Amino acid sequence: MSFFSKSPWIFHYDASSCNGCDIEVLACLTPFYDLERFGIVNTGNPKHADILLITGSVNERNIEIVQNLYRQMPDPKVVVAVGACACSGGIFARAYNIQGGVDKVVPVDVYVPGCAARPESIIDGVVQGIAALEQKRKKTA
Amino acid sequence: MDREPFLARVEGYHKGGWRLALINAASVLTADEAEQGAVDVTWAFARDAEFEHIRERIMPGDEVPSISPSFSAAFLYENEMRELFGLNVTGINVDLQGQLYKTSQKVPFSPSAIRARLEANAAAGIASATMPVAGAPAHGAAKPAAIAPAAAPAPAASKPGAAE
Amino acid sequence: MTLAFYALLFVIVAPVFGGLLAGADRIVTARMQSRVGPPLLQPFYDVGKLFQKQSRLLNPIQEPLLLGHVVMMAATGAMMVSGTDLILVTFVFALASLLLVLAAGSAYSPYSFAGAERELIVLLASEPFFILMMAAICKVTDASTFGAVLASPTWVAFQLPGILIAFLMVATIKLRKSPFDISTSHHAHQELVSGLTSDMSGRLLAYVELAHWYESALLCGFAVLLFNWSIPLGIGAFLVAYAAEVLVDNVTSRAKWQLVLRSTWVATLLFAGGNVLALFVVGR
Amino acid sequence: MKKTIIPFGPQHPVLPEPLVLDLILDDEKVIDAVPTIGYIHRGLEMMVERVEYTEMGFVVERICGICSFMHGMGYAVSLESIMNVEVPERAKWLRLIWAEISRVQSHLLWLGLGADAFGFENLFMHCWRMREEVLDIFEKTTGGRIIHSVNRIGGVKRDVSDSELAAILARLQELAKAFEETARIFASDPSIAHRLGGVGVLSAADALETAAVGPMARASGIRTDTRLYGANLYDQIEFEPVVETAGDCLARAVVRMREIPQSIDIVRQAIEKMPKGEGLPLENKPRGNPVGETFTRLEQPRGEVLYYVKANGTKYLERFRARTPTFANIPAMIKLVKGCDLADVPNIILTIDPCISCTER
Amino acid sequence: MSSLISFLIAFPLLIGTLLLFTWWPKVRNLIVVASCVAVAAVSIATVIQFGNGNGVFFGLPGGVEPGAALIVSEIAMTAFVVAISIYNRRFFAPVLALIQLGIALYLELAGKLPEADPQRLFWFDRLSMVMVLVVGIIGPLICINAIGYMRDYHRSSPMVKGRRNVFFSLLFIFLAGMFGLVASNYLPMMLVFWEVTTLCSFLLIGYSRTDETIGYAFRALNMNLIGGVGFSVAIALLAEQPNGLDLAMLTSGPVSGVLLLAVALLALAGITKSAQMPFSSWLLGAMYAPSPTSALLHSSTMVKAGVFLLLRLSPAMAGSSVGYLVAFVGLLTFLFVSLVAGTEENLKKVLAYSTIGSLGLIGGCAGIGTPELVWAGVMIIIFHAMAKGLLFLTVGTLENRLYTKNIENFDALLSLMPRVSVLMLVGIAGMFIAPFGIVIAKWAAIRAFLAVPGIAGAALVTIMAFGSSLTIFYWGKLLIKIMSARRQSDYERSIERRISWYEWLSEAPLAIGVIAATLLIGPLSDNVVGPWATAAFSAAPRTFLTMDPAALLIMMAAVVFLPAVAYWSWRHPNYDHADFYASGRSTNNAHVMGMALGGIHRVSLRGYYLSGVLDGTLVFNAGTLACAATLLAMVTAGVVAR
């Protein structure tokens, strides 16, 4: 029995999103969706987090940041790519400063589609992230 | 460009209570050999509904004087011009040392970078804009004199740019 | 022997009490924000998870300091209920809090350090009150231990109205509630990220949480001292005070450290100091 | 003397988006602040090279997910101005209504984030609950919560029936009533006054000097509002820009809070004045490729946005440029951050209502 | 007994004179070490011979009359002060010195001075015993430390002319003065020793002979001479009272009338010597002296002479208005300097403020004067002497390695110089952490103040509440700095290896002493401090041992257990060197982080100094004013009583 499924703490970073998905991630915490029902807390700090939600695709400058944040999370940890940009680069894939989806930089466990991703799908993505978290825990334990 | 008259005009706007609305650079895409590598820079000022601008054509190697001594807010635009267009802006009050944007392509908005990208696109068969070719009237001539802010059915206030 | 039993009882029961209190707090807070909130046992799940997670230290001394923080917090409570002099209890309490400051400060990263310095300031803000409170309790009951205060025929709360008011204010600091949650809080969005816990992970964070549960129980013990004629009444009074703190937490923003220090000191001087003065002048 | 250096951003919980400041502190007093941005720079202006002008609107909408509608509108207005397209009246009214509703949405969102930054979680939750109402309206009328894609060059994509509009108005007015209570609490809470009052004071002269726009400038006593200049049917609306004179964080918050009911009132006027009926024309399709250049000014929730479009007669634009309100407000913000307390930094940053993805494009 | 005490006074004096003419460092070091061993051994022997007895009285060997010697010493010292003051163009000190000499000569020539009882010149009881141990053990340790310190001091300050012979000579003369002072029963004799310590302090502060230090030296001289004048006037008043000049008789119980005025004046002398406000500034200036001087004179021993006198006077002034006012001077000083210490970043000054505060606390205890309070006062003397001496010595060691005294430069000291840091941590713990003696004493003091009736009691308790909390703040800040760790370069790690054996051999015993005294606080209280308080007040103090054995056990366990765990985890670093959180920026475990404009920077963190809430200078001045007013009231109360 592990406590991870009952207390997955999330942490959000805006790689180079247009704000749409960020706002929807935050909206998940608010009364309409209330992620805290599931014991989910938005920590704001990689060192406390189990699940990293990344919105937006990576660009030249934030590659380093995304990697740092991922590295600073203690194991086991899961990455959820939220929105089309985080999955593949989305509409900006053709822009000169965009490197592509988040999976070019850190391993991604769950992809949440949408532009912008809806809160319902973000919650679904987090729940799938919990399953991945449990699996990773089993592997390391 | 003529440095002194330019700075005098900017200072005139400053004294007149104008607000710096925008500094915009645009690479000149032309087939004309003499204009290769040129960048048009527009300094726009606003005072309520009034909206005026100064335009200068900056040739490669030209120095662009910073207007941050008059308008301190100019530093963000000027750092941006320097990083994205490779313009040599001198005397900025807040020098961000090329760290405003860190782009994978250096000076991505400069004429040469644009040319290189467009040529690469053409070679790879990717649909994209094309560079004008000398002698071929492919592109309609831009009509710079007709600039007026769309939001304001501007009165006679809009003066033509200095460069014309 | 019975005293040792009380000490053991505190060590075992206090975290359960503190954890349930934290769980109830989160539900009530959520309801105030028109949300459903987590299950009651959520704090226990959280701490359980933190113990299962990887812990990364910046400095080897962090772990003994945090362990010391938990142990001293538990020891403070155990000493209090098992008959240690109450004023000495406040000194040990301060030491227990100081260990957390040192654990955070020794990480020496910008946010942990700022959090530690702020925690030091709130410690500075709250400590005079606790000493004064204990002194006043000892003065009115003419007793020096927990048991003796409970056995005293004097009804403490009636003689210490000023202390009660100041207690409500200073407890806000110890319960880490707005407006005095400047060094760290249970909410993510603040200028210091997670304040003094910024660089703690896994079981280190669990220690902090555990110690906080002990701290809540300890404050409950203080409330029992103030309402010394009945233990259930004291606990009840503490729960009412806690509910008030949750309400205040929800209707105020976070203060700046200058205000925290000034207002707490003024309240301590005015209410607690005034009360003590009255005791000395009018009293026995 | 030794100073504390706090690395503020790129990842910081009070900033939903990456903005970077090196704060040099003495105790908690900010002695100096070194800013930089660039963590969300995508280079979308240069996408005109590969995206045809007819489709560029979809990219422009995604400059920012909060003012998405206004960006789409600004792009359409610019192209209409170059190509001399006359937009049908009902479409113009619909644009105005959506624009004002998105202002309400943006201000509620901002108020929540701001409250969260100074430790008032409850206010955050309540603001965002109200905001969901507005998002509902958007979803009903455009199909999207965040990205709407209803603007086209020459008009709008879909109509909203008159009965629907009446229902929306009723909902908004209810919201305004509920918001009144929030605003009252906000104005009377002493802890908010402690955190925002007198913090980050921007004088009118400084506002002009640093070229601040929108609520930022209006809170410093400058009566500036692009809507006053009458384009996009605003000449038919009666309204007076909200101006406060204190210039501190509280004034900036109050300006935005007072703009919420004002915007709802503008929606009411628009619904009254717009031509009614089913099947009215919504779109005049432009012909050919655009030639020429133009500046467009619009009043976004965060202030004046400026678009520059230069077209050369091909289906690809030659240059597209958006100068967003946050870009104009950042110099003022940096000026204010120097000399404040560390605890004030989030408030100062958030009361300019930063939108970094707008700024960096 | 009498021969041992005479040896303790005469031997250091002799060695001091000898050292003045010893220019060869190796010989000097040898003499210093040998005499230190001798002094320590004789001190211990004295205490052993004293055994468990109550106070004993004795005279010089052979019943020699001291009268002529005293007047000669006074004339010599006055002449020296006048000469050196005029040389330096300072004219306040000679006036004070001449007033003092005038009083002494008048009493002598007018025959007003009653004959001293040759068998009651000295008074040796448990308080003297504590002081002899402090002076006779901590003193020599500091002298040994000074050998190492002064060598490095002159290396790092080449501008200062080497006069180490004078330096060591003064240290030994000072020890002689201290021994005489703590054992004196005849007040005119005590005054002479009192002035010897004043002069030594003056000369040592001015050791480097820069304009700045000479200024501070004269400030110290002036203020101490004010106390000396008070002392002289008190003697003049007491000379007319029967048995007035016999300290033991004077302080056998509450006094009134002229005696009370005299006691008030003696208390004034005690207050100046222990640098209470309004006279605190001289001790801050004294921090410019070499660190062993600070350790010996300005924390462990000489300033203790002031509170020693106050504790002696305690039974006489207890319950009187003078006593209350002395207590308020002490506790107000404690409160105000604790406030100021939180805003100071020079570690030596922080230590000085802390010293003044602790002395204030003792003064407060002595002024109110109950058995519990004087018990607490003596406890503070013991722990403070060891802990603060240790702290000053370690700061001296650090100063010569890191070339700084600023707290902000002591980042990561624990990994940079682990051994010195541990010594320092013991010292700091001794100053304010729960099971260590000073906290126990503070707690006993609060308990005792609770019994003081009326407004005074409320004020004393409130001041204690705030003052104790403030100490947590400034020590906590220092602890954070010391405990922060980072990886060290090889160069940095080599620093500690260059510390001389003289320094280790003096600092380690002090640290052991702090811990031992904590563990042995029970026997210490039962056999030494408790009986003394009982004897002085004819009533036994209710000490914590009778109240709380369980608490003591728990805390003792903590003293042993926590450091053990810390040591274990320090030696078994089975942790990964995690990088720290810096908003996502690149960081590494060598405490470097990425900056906004590119590049990297070593983490730079500065503690909080309450700027904007507390202005140190303002608070200091306010405290000085408040205490000056209280002091004036104290003297007035004495005059009114007469």
Side-chain angles (χ1 to χ4, degrees), chain A residues 1-14 22-23 25-53 68-78 119 123 126 129-130 133-141, chain C residues 19 22-23 25-58 62 104 107 109-112 115 184-206 208-209:
Chain A
M1 162 68 197
S2 104
F3 290 100
F4 281 93
S5 54
K6 292 200 161 154
S7 157
W9 288 359
I10 62 167
F11 159 65
H12 159 240
Y13 181 66
D14 172 359
D22 307 333
I23 297 301
V25 167
L26 273 179
C28 290
L29 305 170
T30 56
F32 258 63
Y33 302 99
D34 189 22
L35 265 183
E36 207 191 356
R37 277 177 299 156
F38 311 113
I40 296 173
V41 175
N42 185 8
T43 60
N45 179 347
K47 301 214 166 183
H48 295 185
D50 307 302
I51 299 179
L52 171 58
L53 299 183
N68 286 342
L69 292 173
Y70 180 76
R71 195 181 62 242
Q72 292 194 338
M73 286 171 69
D75 287 329
K77 54 191 168 188
V78 160
I123 294 178
V126 172
I130 296 174
L133 203 59
E134 285 288 354
Q135 269 182 349
K136 287 197 178 181
R137 178 180 145 65
K138 272 187 205 127
K139 253 183 236 164
T140 53
Chain C
D25 173 1
R26 281 174 72 173
I27 293 176
V28 173
T29 302
R31 294 297 155 86
M32 283 182 182
Q33 299 170 347
S34 358
R35 293 187 290 118
V36 177
L40 181 64
L41 296 182
Q42 188 61 43
F44 297 99
Y45 300 150
D46 289 347
V47 167
K49 178 204 70 178
L50 288 171
F51 274 114
Q52 290 178 336
K53 221 167 150 56
Q54 184 193 20
S55 309
R56 309 177 76 183
L57 286 84
L58 286 168
Q62 260 185 317
S109 81
Y111 288 100
S112 298
T184 181
S185 77
H186 291 100
H187 309 287
H189 296 241
Q190 64 160 311
E191 64 269 15
L192 286 190
V193 190
S194 323
L196 50 74
T197 61
S198 288
D199 283 287
M200 298 172 187
S201 55
R203 63 177 182 277
L204 300 180
L205 199 56
V208 176
E209 199 58 21

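Note that the structure is a prediction, hence the values are computed from the model and not measured. Naming convention: chains lettered A, B, ... in sequence-line order (proteins, then strands); numbering from 1 in each chain.
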I want to check something: taking the side chain as every heavy atom from C-beta on, are C:Q42 and A:S7 in contact at a cut-off of under 4.5 Å? yes
Looking only at heavy atoms and a cut-off of under 4.5 Å, which of A:P74, A:A49, A:P46 has the most pairs with chain C? A:P74
With sequence neighbours excluded, what pairs up with C:D46 under the salt bridge (charged side-chain N to carboxylate O under 4.0 Å, His left out) test? C:R26
I want to check a possible cation-pi pair here: C:K49 against A:W9, using under 6.0 Å from ring centre and within 45° of the ring axis as the test. yes
Separation between CG of A:L133 and NZ of C:K53, rounded to the nearest 0.5 Å: 6.5 Å
Counterpart residues, salt bridge (charged side-chain N to carboxylate O under 4.0 Å, His left out), relative to A:R71 (two or more places apart): E:D579
Heavy atoms of C:S194 and A:N45 approach each other most closely as OG-ND2, 3.0 Å
From CA spacing to verdict: side chain to side chain contact (heavy atoms under 4.5 Å, CB included), A:K47, C:S198: CA-CA 7 Å; A:K47 301 214 166 183; C:S198 288; over 6 Å; no
Note, A:R37 side chain near C:P38 side chain (heavy atom, < 4.5 Å): no
Does C:V36 offer a backbone N or O that forms a donor-acceptor pair with the side chain of A:D34 under 3.5 Å? yes
I'd like to know if the side chain of A:H48 reaches the main chain of C:T197, judged simply by a donor and an acceptor atom lying under 3.5 Å from each other, with no hydrogens or angles considered. yes
Side chain from CB out, backbone as N, CA, C, O: work out which of these in C:L50 comes under 4.5 Å of a heavy atom of chain A, or both, or neither. side chain
Atom CZ in C:R56, atom CG in A:D75: separation rounded to 0.5 Å? 7.5 Å
Heavy atoms only: give me the nearest A:F3-C:Y45 pair and the separation to one decimal. CB-O, 3.5 Å
